[in-house]
Amino acid sequence: MKNIKKIHRFVLIVITVLCVSTSGISQDGFVLPLKHSKDKFSFNLINNLIVIPVEINGKKLSFLLDTGVKSTILFGLPNDSLQLNSLQKVKVRGLGQGGSVSALKSENNIVRIHKAENTNQTLYVIFDESLNFSTKMGIPIHGIIGYDFFKDFVVSINYSTHRISIHNPSTYKKKRCNKCEEFDLRFNNGKPFVDLDVYNKNGQKENLTLLIDSGSSDALWLFDESNYISEASVNYFIDFLGQGLSGSIYGKRSKLHKITIGSNSLENVSVAFPEELALENIKFFEERDGSIGGDFLRRFNVIFDYPSKKMSVKKNGKFKDPFHYNMSGLVLEHDGMTLVKDAKSVIGNQNGKEMSSVSSIPIGTVYDILLVPKYIVSEIREGSPSEKAGMRKGDEVVYVNGKHAYRYKLNELIGLFTSKAGRRISVVYKRNGMTFKAKFVLKQMF
């Protein structure tokens, strides 16, 4: 593997299951009901990641749909009502700075995704509390599913309408599409790879083999920085890239001159170079040069045809969106719930009659007691605008630009801290019971 010296926000990671035979993986797979050759359902797109409803043994859950994973992963047991079958202890390992983690392998489970059903699904259950992706997404995330689902259908993902269509491969007929382009897929350990042209810092074209990883919120990861990073005129900064199965991932973040997919070219593409420590002891596909993730894929409507080893893309209305990175330096996560008092004015009346809106006078205040989300700083980039303004890891964010933080969804806050350069940000935060205020301006790093 090439030498690597080295998230956009939150990034989900390719997971490799170790010390487990593949014989337990479902042989029957997902099927549609009789007389159904296709199905459609909606998904949520959060931080460039696809969240779908999944039902396991009758329990309704939320999973990430991740082309970068082979095995289906469950993050703990949501509650006692979820019953799993044929449990045995195993070890799993993924990207990150830690080692392997303990897990349980469960066989013969019934899994439904809308109308599609697998009656013999194998799951890997991980109980490590540090792998709580729900806190980083702002909604419950119970697991990840990828190859186990994609291998049985032709899957069309419409990033514009947030709809997924699945088709029985034996009856699927391609629609005429003049603006669609088709590419060959290669597979290694159930993971899809595609060859794309990437232009380095000197404007030279390189043909690279990239994992298609819809479970990464970033646009592009590369493993060899030598032709892209400049020390003479620094064109990168060190950043937190995301959370992997084996711990936090750090590396260099920069911009790429250009990447092409067929006749479509994307310029000034955000790119990350994960540090070597995060990738130790992980067996990659030898030809792999990196990954394309959700911030790349969301600019297209994509059809994955695993049975035919094909992928079709058509650019959508998001194609020309600029590529952003976290200019504030703050990484936030959901840290449970807290009680707050929400004030409301009481309008007086006269002689038992309601007063007109013109003459109404507030005569008092009542409070609603609300249970609201609490947001904390989980990572902060050294030298970033927020760090220079005094904020630190562990601070609780209370107000942002004069608005209660709990009135934002987590992805809305992330978007606010990631958006255009020059935006002024005001944050009221708490540390050790004391309240502070920070003001800073979002700025480009290079």
Side-chain angles (χ1 to χ4, degrees), residues 12 29-55 62-70 72 111-118 144-187 190-194 196 210-217 219 261-264 266 291-319 321:
L12 289 173
F30 281 91
V31 294
L32 289 168
L34 291 175
K35 298 182 180 180
H36 286 74
S37 61
K38 61 182 179 180
D39 189 22
K40 290 184 179 181
F41 56 92
S42 299
F43 66 87
N44 289 325
L45 189 67
I46 302 176
N47 302 337
N48 304 323
L49 304 174
I50 297 172
V51 182
I52 63 171
V54 174
E55 185 177 305
S62 294
F63 272 50
L64 289 162
L65 187 61
D66 185 353
T67 55
V69 297
K70 179 177 182 180
T72 301
V111 177
R112 291 189 180 92
I113 299 178
H114 208 243
K115 293 179 181 179
E117 181 180 80
N118 185 347
I144 306 176
I145 190 167
Y147 178 75
D148 286 340
F149 178 70
F150 281 99
K151 68 181 176 60
D152 296 319
F153 301 110
V154 177
V155 181
S156 175
I157 301 176
N158 191 317
Y159 278 93
S160 299
T161 62
H162 296 180
R163 297 278 288 176
I164 291 176
S165 301
I166 60 175
H167 302 263
N168 186 329
S170 64
T171 58
Y172 175 70
K173 294 182 179 180
K174 294 180 183 178
K175 294 182 179 179
R176 292 189 61 182
C177 179
N178 294 330
K179 296 183 179 180
C180 295
E181 296 189 67
E182 191 173 74
F183 303 88
D184 292 327
L185 296 178
R186 286 188 287 164
F187 287 85
K191 300 168 187 177
F193 292 82
V194 66
L196 299 181
L210 303 174
L211 171 70
I212 302 171
D213 187 4
S214 65
S216 167
S217 63
I261 177 167
S263 62
N264 300 305
L266 292 163
S291 310
I292 54 172
D295 197 21
F296 182 95
L297 295 170
R298 73 176 181 86
R299 298 159 194 274
F300 302 88
N301 295 330
V302 188
I303 299 175
F304 291 106
D305 187 350
Y306 278 31
S308 299
K309 297 183 179 180
K310 298 288 184 180
M311 175 182 73
S312 173
V313 302
K314 178 184 178 181
K315 64 182 182 182
N316 60 33
K318 302 295 183 181
F319 181 78
D321 283 0

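Only heavy atoms go into these numbers, but all of them, side chains included; no hydrogens, no water, no symmetry mates. Small disclaimer: the values here were computed from a predicted structure and weren't measured. All residue numbers refer to positions in the sequence shown, counting from 1.
Atom NE2 of residue H36 and atom OG1 of residue T171 lie 12.0 Å apart, to the nearest 0.5 angstrom. With rounding to the nearest 0.5 angstrom, the CG atom of N301 is 9.5 Å from the OH atom of Y159. Atoms CZ and CD1, from F43 and I113 in turn, are 13.5 Å apart once rounded to the nearest 0.5 Å. Atom-to-atom distance recorded for H162:NE2 and F41:CZ is 14.0 Å, nearest 0.5 angstrom. Between the CG atom of L211 and the OG atom of S291 there is a distance of 4.5 Å, given to the nearest 0.5 Å. Between the CZ atom of R299 and the NZ atom of K315 there is a distance of 12.5 Å, given to the nearest 0.5 Å.
For the pair D148 and N118, the minimum side-chain heavy-atom distance is 4.5 Å or more. Inter-residue side-chain proximity for I303 and V155 is flagged as unmet; no heavy-atom pair is nearer than 4.5 Å. Inter-residue side-chain proximity for P192 and M311 is flagged as unmet; no heavy-atom pair is nearer than 4.5 Å. Residues I166 and F149 are in side-chain contact: their nearest non-hydrogen atoms beyond the backbone lie under 4.5 Å apart.
Scanning both residues, K314 and C180, for their nearest heavy atoms gives CB-SG, 3.9 Å. Residues F63 and V54 share a closest heavy-atom pair of CB-CG2, 3.6 Å. Residues Y147 and G190 approach most closely at CD1-O, 3.1 Å, considering heavy atoms. Considering all non-hydrogen atoms of both residues, S42 and P53 come closest at O-CD, 4.0 Å. Of all the heavy atoms in K151 and P307, the pair that sits closest is O-CG, 3.7 Å. Shortest non-hydrogen contact noted between H114 and D39 is ND1-OD2, 2.8 Å.
No donor-acceptor distance shorter than 3.5 angstrom exists from the side chain of N48 to the backbone of G294, with no hydrogens or angles considered. In this structure a side-chain-to-backbone donor-acceptor pair under 3.5 Å is missing from T72 to I145. Side-chain atoms of S214 come within 3.5 Å of backbone N or O of L65 as a donor-acceptor pair. Not one N or O on the side chain of S37 forms a donor-acceptor pair closer than 3.5 Å with the backbone of N168. Remark: the backbone N or O of S263 is paired with a side-chain donor or acceptor of E181 at under 3.5 angstrom. Side chain of R298 to main chain of K318: no donor-acceptor pair is present (N/O by atom type, distance under 3.5 Å, no hydrogens or angles). Distance alone, capped at 3.5 Å, is enough to place a donor-acceptor pair between the D152 side chain and the F30 backbone.
Residues F319 and F300 place their aromatic rings such that the two centres sit under 6.0 Å apart.
Of the options L210, D213, L196, I212, a side-chain contact (heavy atoms from CB on, under 4.5 Å) to F296 is made by L196 and by none of the others.
For the 3.5 Å distance criterion, the side chains of D305 and S308 qualify, holding a donor opposite an acceptor.
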Stepwise side-chain contact (heavy atoms from CB on, under 4.5 Å) test for I164 and I52: CA-CA 9 Å; I164 291 176; I52 63 171; 4.0 Å; yes

